[in-house]
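It should be emphasised that the depicted structure is a prediction, and the values quoted were computed from it without experimental measurement.
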Amino acid sequence: MNDLYYYQIQYGIESEAAAVGVATERLSLTASVQINMDQYSGIIAIGKFDRTEVEQLSHYGQPIVFIGENYLLHRFDSVQSDFVSPVHWIINHFIDLNITDIGMLAGKEQTTTHHSTVRDPRIATFTSRMTELGLFEERFFFQGAYNPDSGYELMNNAIHTLQDRLPHVFIIGSDAMAIGALRALRQSNIEVPNRVSLISFNDVAIAKYASPTLSTVHVHTELMGQKAFELLLKRIKNPQKVPEAILLGTTIIKRESSL
């Protein structure tokens, strides 16, 4: 609930529900164990969940829609955004500009109860595509948490360890991380985007107020929430319907932080 990305998804759910007169309530996975879940008509599960957590939610016997990953393996409806195509677009864009030293500041996300680490398709796509092009360098890859402090620490680490070999481009896992990375670059008098271009993910509200403003991958978070609510209504009306996985496209928003 403290993450703007997930908050915007929640807002999409709540606004769509309110429009048709449906009441919603926010619960944590832990809280769901402590109350009578029979009072609800359905569940929209936001985030990343491992098998044990999915089994816990399914045990309640309510229609469920997941937001964040594809849960067809478990026979549940789900909504997620395309994080693969943007990585290809970004890499291709800079190669077209004859810039081939591209790094990544990635986040590390765990399932709700921290039992397992979540596979990030952006990391997998970046690694495979750069390797395919013969451009991947392990020393240009840094991983931490999805917050400004981590972005600041990772970029400082990159600046001090790579020095003149600092990549001219960084793909960054979230806008929050990019805010921290910008601060580190500014403190080291490294110009953005003339020396280092930054492109992050999510396009939360702070992205267009950063200095310089952030180029970012716009994720249609409110639409994710709306689609999940629509799927839940369909599931409630027809419990036997074929499970659906909705993959929503994303959009590159070019601002001042990148060439």
Side-chain angles (χ1 to χ4, degrees), residues 5 81-109 120-204 206-219 249-259:
Y5 172 75
S81 286
D82 175 21
F83 283 164
V84 172
S85 300
V87 176
H88 283 282
W89 296 336
I90 294 166
I91 292 171
N92 292 340
H93 168 72
F94 285 102
I95 287 176
D96 287 344
L97 295 176
N98 293 318
I99 298 173
T100 58
D101 55 334
I102 303 172
M104 172 174 272
L105 302 188
K108 184 182 293 183
E109 192 170 16
D120 190 332
R122 291 167 293 191
I123 296 174
T125 305
F126 173 78
T127 302
S128 63
R129 180 58 178 156
M130 292 295 284
T131 300
E132 178 186 323
L133 294 168
L135 299 174
F136 180 74
E137 295 215 32
E138 184 74 37
R139 59 181 174 162
F140 292 170
F141 178 82
F142 301 84
Q143 191 169 19
Y146 286 105
N147 59 54
D149 288 342
S150 179
Y152 176 79
E153 292 170 6
L154 293 177
M155 185 57 78
N156 258 335
N157 186 14
I159 291 167
H160 294 137
T161 58
L162 297 173
Q163 299 185 19
D164 291 343
R165 290 291 295 138
L166 187 71
H168 284 76
V169 179
F170 275 98
I171 300 172
I172 303 182
S174 73
D175 300 326
M177 293 180 77
I179 294 294
L182 276 173
R183 181 167 179 262
L185 290 164
R186 186 163 49 246
Q187 287 182 345
S188 293
N189 296 315
I190 297 172
E191 293 187 356
V192 177
N194 294 335
R195 173 58 181 86
V196 175
S197 285
L198 304 181
I199 300 185
S200 52
F201 275 79
N202 298 340
D203 194 26
V204 297
I206 58 171
K208 61 184 177 182
Y209 296 108
S211 180
T213 55
L214 285 175
S215 293
T216 183
V217 176
H218 180 77
V219 179
T250 48
T251 309
I252 301 284
I253 305 296
K254 188 180 182 304
R255 296 195 180 102
E256 297 168 346
S257 70
S258 71
L259 298 176

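Ring orientation note: the planes of Phe83 and Phe201 are nearly perpendicular, at an angle over 60° on the 30°/60° scale. Between Phe170 and Phe142, the ring planes are tilted. Angles from 30° to 60° get that label.
Side-chain contact check for Ser215 versus Ile252: every heavy-atom pair is 4.5 Å or farther apart. In this structure, the side chains of Phe94 and His168 stay at 4.5 Å or more apart for every pair of heavy atoms. Taking 4.5 Å as the limit, every side-chain heavy atom of Ile123 sits out of range of all side-chain heavy atoms of Thr125. Proximity of Val87 to Arg129: side-chain heavy atoms (C-beta onward) are nowhere separated by under 4.5 Å. Looking at Met130 and Ile102, their side chains come closer than 4.5 Å, going by heavy atoms from C-beta outward. Inter-residue side-chain proximity for Val169 and Ile199 is flagged as unmet; no heavy-atom pair is nearer than 4.5 Å. Phe140 has its side chain within reach of Arg165: a pair of non-hydrogen atoms, C-beta onward, lies under 4.5 Å apart. A 4.5 Å side-chain heavy-atom check between Ile90 and Val217 finds at least one atom pair inside the cut-off.
Counting only distance, with no hydrogens or angles, the side chain of Arg139 and the backbone of Thr161 share no donor-acceptor pair below 3.5 Å. Distance alone, capped at 3.5 Å, places no donor-acceptor pair between the Asn202 side chain and the Val204 backbone. The backbone N or O of Tyr152 lies less than 3.5 Å from no partner atom in the side chain of Arg183, so there is not a single donor-acceptor pair.
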Requested in this report: Output, in order, the C-alpha distance, side-chain angles, deciding distance and verdict of side chain to side chain donor-acceptor pair (under 3.5 Å) for Thr216 and Asp203.
Outcome: CA-CA 6 Å; Thr216 183; Asp203 194 26; 5.0 Å; no
Requested in this report: For side-chain contact (heavy atoms from CB on, under 4.5 Å), just list the numbers for Leu105 and Met155, CA-CA rounded to whole Å, side-chain angles, deciding distance to a tenth of an Å, and then say yes or no.
Outcome: CA-CA 8 Å; Leu105 302 188; Met155 185 57 78; 3.8 Å; yes
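Atom NZ of Lys254 has more than 12 neighbouring heavy atoms from other residues, nucleotides or ligands inside a 6.0 Å radius.
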